[in-house]
> 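Take a look at the following structure, please.
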Number of protein chains: 2
Amino acid sequence: MPDILHRVGIDAPPERVFQALTTLDGLRGWWVADATGDADAGGTIDFGFCKMRVIDAEPDELVRWHCLEGPEEWVYTEVTFRLEWKEGQTFVLFAHTDWKEPVEFMHHCSTKWATFLLSLRDDVEGGGGRPAPRDVKIHVGD
Amino acid sequence: MPDILHRVGIDAPPERVFQALTTLDGLRGWWVADATGDADAGGTIDFGFCKMRVIDAEPDELVRWHCLEGPEEWVYTEVTFRLEWKEGQTFVLFAHTDWKEPVEFMHHCSTKWATFLLSLRDDVEGGGGRPAPRDVKIHVGD
């Protein structure tokens with residue numbers, strides 16, 4: 001099954017990145033401005049267009065979500081953020097896995113995830129994130 | 001074998017995007033500022049860190065490169081740009097295929113390609129591209 005993979009490096013310690021991934025305030029700063037729910041282990045986060053169950057949250061190391069509801073192609077997929085401190089920065093190794101087919105929507109989501117991971121980077125580094133609906137647009141009408 | 005997939009939509013006709021993919025001036029505007037060689041069908045383009053053979057160039061529809069030299073993980077991989085006019089824009093369906101393994105460098109390249117495809121979009125739309133070495137940085141020391 002095809003996967004979406006990305007990596008960004010963030011000039012901040014892993015605990016700051018982990019916080020941006022496991023708190024509502026954190027997620028609202030870079031992904032979806034009006035996210036609600038519980039972003040900690042076992043919780044369910046409502047991002048409006050999708051709902052994610054937090055199936056793993058290992059402090060400063062790993063966050064994994066399982067998609068409960070959302071776009072048809074997303075349901076049952078998983079989103080993983082692995083954090084690794086090296087070379088004086090926190091690298092985020094990202095994977096959105098278990099897509100059934102490499103549909104055109106998957107191409108779109110891959111590019112979109114890249115912009116959101118850079119939004120995460122910018123937000124954690126203090127430069128300001130670009131959460132939806134102020135997200136970076138990647139096509140006319142996006 | 002894992003693939004890198006992306007999609008961007010460009011507010012310009014396919015022939016303008018095709019030109020940005022199959023001329024040195026075009027490629028210098030969004031990917032590598034000092035690219036040399038021949039960017040048309042059958043030619044070899046030297047991007048400095050890699051060399052690509054242009055194995056397909058179907059006007060306004062498809063461009064495909066085969067990597068001759070470059071980072072070890074890139075050699076023998078292929079890069080494909082499919083152009084499709086719909087919804088009042090040219091969609092670029094991008095694929096960098098035939099990676100042997102989903103190594104960490106592949107994660108990096110996936111994010112990097114997203115930034116370069118948005119550079120292509122911005123350049124063709126007249127907003128100015130961000131070719132290397134003025135490319136969007138995605139980690140400390142990038």
Side-chain angles (χ1 to χ4, degrees), chain A residues 1-13 17 73 79-99 101-122 124-125 127 130 135-142, chain B residues 1-13 17 73 79-99 101-122 124-125 127 130 135-142:
Chain A
M1 285 184 290
D3 300 336
I4 292 171
L5 306 175
H6 286 297
R7 190 188 78 164
V8 296
I10 301 180
D11 187 10
V17 181
E73 298 89 342
V79 175
T80 306
F81 305 83
R82 289 181 192 281
L83 311 185
E84 190 183 358
W85 175 262
K86 63 178 180 182
E87 299 164 29
Q89 60 199 296
T90 300
F91 279 100
V92 180
L93 274 160
F94 171 91
H96 186 173
T97 60
D98 302 309
W99 290 75
E101 300 289 340
V103 292
E104 185 164 335
F105 179 55
M106 184 179 168
H107 293 63
H108 164 84
C109 293
S110 176
T111 310
K112 205 78 195 180
W113 272 123
T115 68
F116 281 118
L117 290 164
L118 291 170
S119 168
L120 167 66
R121 188 265 314 263
D122 292 346
V124 171
E125 290 185 356
R130 293 280 303 269
D135 50 320
V136 173
K137 306 306 180 188
I138 66 168
H139 64 76
V140 178
D142 181 16
Chain B
M1 285 184 290
D3 300 336
I4 293 171
L5 306 175
H6 286 297
R7 191 188 79 164
V8 296
I10 302 180
D11 188 10
V17 181
E73 299 89 341
V79 175
T80 305
F81 305 83
R82 289 181 192 282
L83 310 185
E84 189 183 358
W85 175 262
K86 63 178 180 181
E87 300 165 26
Q89 61 199 295
T90 301
F91 279 100
V92 179
L93 274 159
F94 171 92
H96 187 174
T97 60
D98 302 308
W99 290 73
E101 299 289 339
V103 291
E104 185 164 336
F105 180 55
M106 184 179 169
H107 293 63
H108 165 83
C109 292
S110 177
T111 310
K112 205 78 194 179
W113 272 123
T115 68
F116 281 118
L117 290 163
L118 291 170
S119 168
L120 166 66
R121 188 265 314 263
D122 292 345
V124 171
E125 290 185 356
R130 294 279 304 268
D135 50 322
V136 174
K137 305 307 181 188
I138 66 168
H139 65 75
V140 178
D142 182 15

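Per chain, numbering begins at 1; letters A, B, ... match sequence-line order.
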> Keeping B/T111 on the side-chain end and A/H6 on the backbone end, is there a donor-acceptor pair under 3.5 Å?
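Here the side-chain-to-backbone pair does not exist.
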
> Is a side-chain donor or acceptor of B/S110 paired with a backbone partner of A/L5 at a separation under 3.5 angstrom?
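Present.
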
> My understanding is that only residues two or more places apart in sequence, or in another chain, count here; which of them pass side chain to side chain contact (heavy atoms under 4.5 Å, CB included) with A/D142?
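If we apply the side chain to side chain contact (heavy atoms under 4.5 Å, CB included) test to A/D142, skipping adjacent residues, the hits are A/H108, A/K112, A/K137, A/I138, A/H139.
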
> Can you measure from CD1 (A/I4) to CD1 (B/I4) and round to the nearest 0.5 angstrom?
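Answer rounded to 0.5 Å: 12.0 Å.
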
> If we define contacts as heavy-atom pairs under 4.5 Å, which of B/E87, B/M106, B/R121 has the most with chain A?
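With the most close heavy-atom pairs to chain A, the winner is B/R121.
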
> Under the side-chain contact (heavy atoms from CB on, under 4.5 Å) rule, what do B/H107 and A/R82 come out as? Steps first, then yes or no, please.
CA-CA 12 Å; B/H107 293 63; A/R82 289 181 192 281; over 6 Å; no

> Among residues 89-96 of chain B, which residues come closer than 4.5 Å to chain A, judged by heavy atom distances?
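Within residues 89-96 of chain B, the residues under 4.5 Å from chain A are B/Q89, B/F91, B/L93, B/F94.
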
